[in-house]
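Structure first, then comments.
Hydrogens, waters and symmetry mates are skipped; everything else that's a heavy atom, side chains included, is used. Convention: sequence-line order gives letters A, B, ...; per-chain numbering from 1.
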Number of protein chains: 2
Amino acid sequence: MKLTKPTPTLHDVAARANVSTATVSRCLNLPDQVTRRTRDKVMQAIADLGYAPNFGARAMASRRTNTIGAIIPTMENAIFARGLQAFQEELRTHGFTMLVASSSYRPDIEQEQIRSLVARGADALLLIGHERDPEIYRFLEAQSIPALIVWAYDPRIARPSVGFDNRAAMHDLAKEVLRRGHRRLALISAPVAMNDRARERQEGIHDAMCAAGLDPRDLQLVETPYAIENGAMAFDALMARQPRPTAVLCGNDVLAVGAMRRARELGLRVPDDVSITGFDDIELAQVVYPPLATVHVPHREMGRRAAQTLIGMVHGDISVVAVDLGAELKLRGSLGDVPAA
Amino acid sequence: MKLTKPTPTLHDVAARANVSTATVSRCLNLPDQVTRRTRDKVMQAIADLGYAPNFGARAMASRRTNTIGAIIPTMENAIFARGLQAFQEELRTHGFTMLVASSSYRPDIEQEQIRSLVARGADALLLIGHERDPEIYRFLEAQSIPALIVWAYDPRIARPSVGFDNRAAMHDLAKEVLRRGHRRLALISAPVAMNDRARERQEGIHDAMCAAGLDPRDLQLVETPYAIENGAMAFDALMARQPRPTAVLCGNDVLAVGAMRRARELGLRVPDDVSITGFDDIELAQVVYPPLATVHVPHREMGRRAAQTLIGMVHGDISVVAVDLGAELKLRGSLGDVPAA
DNA sequence: TTACAATTTGTAAAGGCTTACATTGACAGT
DNA sequence: ACTGTCAATGTAAGCCTTTACAAATTGTAA
């Protein structure tokens with residue numbers, strides 16, 4: 001029968017060091033307002049007791065947390081994971097901490113996570129894409145929590161953002177595909193419901209087709225969740241159609257890589273028989289053979305800039321607008337000329 | 001000049017709904033102790049104000065957070081990201097929330113993160129691997145925070161864990177490599193300092209070599225951080241040695257895939273000229289050609305079991321011990337017989 | 001109608017920390 | 001020795017919630 005030893009508090013430390021709680025607090029927060037001698041005593045007591053300040057109490061008393069929350073659709077997507085890593089590193093150098101949550105692409109869960117992060121005292125929030133229930137934006141307004149949108153650029157939306165133009169990027173890629181003579185295009189896309197990035201990429205292709213005098217309704221479309229295997233299955237479905245598309249554009253690299261694997265399994269040569277493109281430019285893109293033509297998403301730069309911007313917003317910077325970082329085409333071996341008829 | 005609108009508190013809600021703060025609190029926590037009529041009034045007030053309970057205050061008053069912290073080396077490693085996703089999903093179904101932090105494989109940062117998570121009120125902690133400063137275990141003890149180790153299995157260590165035997169798994173793989181006639185083995189490993197998983201995998205190969213009558217000191221070793229490009233460079237270095245190894249085992253799939261890419265660039269055929277193996281069995285392993293022989297790490301099962309176990313520990317379950325989930329060999333095309341001399 | 005039980009609501013203390021303000025002490029200048 | 005400064009430390013209020021306990025309300029049985 002052992003007594004549960006309560007976790008030590010500021011008070012315990014003060015008692016052991018023979019000082020007041022205020023002094024202990026100062027040792028931790030404003031160390032040079034306290035004598036060397038006293039500080040040593042206090043630090044020793046802290047070490048002896050294994051004391052750790054209670055974050056909740058501290059936040060409550062000081063009304064700030066130096067914490068910024070981030071909500072991404074899923075950690076399984078390498079491009080988000082990378083972006084977050086950069087975001088966190090930048091935050092760290094400014095003394096801020098990151099709180100992450102993932103929504104599994106579900107708006108209801110995202111909303112729950114937003115509330116949870118706000119309740120936890122996040123001083124600001126990082127969100128992916130603009131599209132969500134207006135209710136949420138009202139809530140953040142009511143709580144006066146600044147929010148920054150990343151992964152999107154749309155100057156028509158008056159909300160701070162750091163990202164790139166998904167539509168224009170995909171447009172550029174599709175234009176290149178068309179330039180190489182392809183006329184029967186297909187798209188393997190992530191589900192577009194409540195996903196403005198996916199929708200804009202699709203619209204980018206439509207734009208390019210229109211500009212080339214094609215009917216955008218002829219774009220063969222398969223929607224499927226983010227997973228290599230799904231890319232493979234979607235590719236199967238497309239290859240079974242008549243007439244076969246000669247170029248399969250994919251909403252992201254993971255789907256594209258699944259498509260490439262299945263092409264090999266079906267005995268189709270890339271790009272001789274069919275061209276395949278991706279979007280994101282994750283490491284994977286250069287590991288497959290042939291290397292994947294794709295769009296490079298500036299995830300590191302986006303993460304870093306987002307961190308800086310958000311910190312500015314926390315400090316009251318009100319001048320933040322939409323920033324376009326641009327996304328660069330990476331033309332590689334998986335995209336070739338249209339096969340001879 | 002706009003007044004900063006303070007974020008609404010329990011008190012504000014109570015005032016607006018004409019009830020006491022206690023009643024509002026009950027609406028949130030014990031809804032059926034309060035009349036339908038009152039509850040509606042209160043809920044309306046909450047909605048009107050955009051109120052969100054203050055997590056810190058709540059934690060302080062109720063002395064629990066229903067939050068479990070997890071610290072992984074990096075989010076960029078897909079295998080950890082996957083494991084965490086499963087962990088989080090399981091936690092969610094039990095009403096718990098996950099707090100993540102990543103240490104970049106640096107013990108000092110890990111320690112800082114552990115303190116931070118504890119301070120934030122984590123009821124328990126998930127940690128990767130056993131090896132860390134004993135000081136940390138003492139600290140957790142002093143704070144009475146239960147901790148569970150994953151990704152490792154070592155029955156000699158009396159500490160709750162859910163994982164698999166890295167050494168035995170790598171031993172099995174190396175045994176198969178030797179069975180296929182390979183005698184000149186190389187290992188591309190993650191840095192082993194403060195990384196018991198990497199070290200155990202290396203020792204597994206030593207075990208197999210000894211059993212086959214080889215001198216484990218003949219294992220050609222390159223240590224390099226987790227990144228595809230590093231795998232490629234390490235492979236370069238190994239191929240420049242004389243005599244060349246005929247089989248290159250890798251500490252993880254990412255390094256292995258880098259090695260495979262470089263093999264292709266060097267004009268070496270896998271597995272005809274050189275065999276390559278990985279460890280983890282991430283999706284990547286089946287995307288490359290030939291598919292990568294590797295060891296399947298039961299990341300989902302591990303995440304799920306870890307969540308259940310940890311919740312049990314929070315509730316006072318004291319009977320937790322070391323659990324071995326096993327890791328299965330995945331023999332695939334990148335491992336072949338030793339080339340004729 | 002009255003008394004009592006059961007249900008609903010209110011009151012106030014506690015929880016760990018920061019910080020404005022008050023107090024003490026040391027030291028320089030005279 | 002005495003006063004005035006300034007640095008170091010202490011005191012106590014306040015941050016927002018939960019919850020034990022008290023009070024009020026409702027319903028029921030006699």
- Taking the side chain as every heavy atom from C-beta outward, state whether L125(A) and V118(A) have any atom pair closer than 4.5 Å. yes
- Query: What nucleotide, of dT19(C), dT19(D), dC17(C), holds the atom closest to the side chain of L10(A)?
  - Reply: dC17(C)
- Note on the structure: T9(A) has its side chain closest, among dG16(C), dT9(C), dG15(C), to dG16(C)
- Task: Mind listing the residues from residues 111-124 of chain A sitting with a heavy atom below 4.0 Å of DNA chain C? Number order is fine.
- Result: none
- Query: Which residue lies toward the 5' end of DNA chain C, A61(A) or R58(B), if each is placed at its nearest nucleotide?
  - Reply: R58(B)
- Of the nucleotides dC17(C), dC16(D), dT18(D), which has the atom closest to the M60(A) side chain? dC16(D)
- Message: So if I take every side-chain heavy atom of N54(B) and compare against dC16(D), dT9(C), dT9(D), which nucleotide ends up nearest?
- Response: dC16(D)
- Item | Donor-acceptor pair under 3.5 Å, R26(A) side chain vs dG10(D) base | yes
- Message: Any base atoms under 4.0 Å from Y51(B), or only sugar-phosphate, or nothing? Heavy atoms, all strands.
- Response: sugar-phosphate
- Message: Can you tell me if T35(B) touches the phosphate of dT9(C), counting only side-chain N or O atoms and a distance under 4.0 Å to OP1 or OP2?
- Response: yes
- Is any side-chain heavy atom of E110(B) closer than 4.5 Å to a side-chain heavy atom of L127(B)? yes
- Message: Quick check with a 6.0 Å cut-off and a 45 degree axis cone: is R304(A) positioned over the face of F87(A)'s six-membered ring?
- Response: no
- What does S25(A) touch in the nucleic acid at a heavy-atom separation under 4.0 angstrom: a base, only the sugar-phosphate, or nothing? base
- Query: Is H94(B) atom NE2 crowded by more than 12 heavy atoms from other residues, nucleotides or ligands, each under 6.0 Å away?
  - Reply: yes
- Check whether the side chains of R120(B) and T67(A) place a donor and an acceptor atom closer than 3.5 Å, and report yes or no. yes
- What's the closest nucleotide to the T23(B) side chain, out of dG10(D), dC17(C), dG10(C)? dG10(C)
- Which of these nucleotides, dC17(C), dT18(C), dG10(D), is closest to any side-chain atom of V19(A)? dG10(D)
- Message: I'd like to check D123(B) versus I145(B) (side-chain heavy atoms, cut-off strictly below 4.5 Å). Are they in contact?
- Response: no
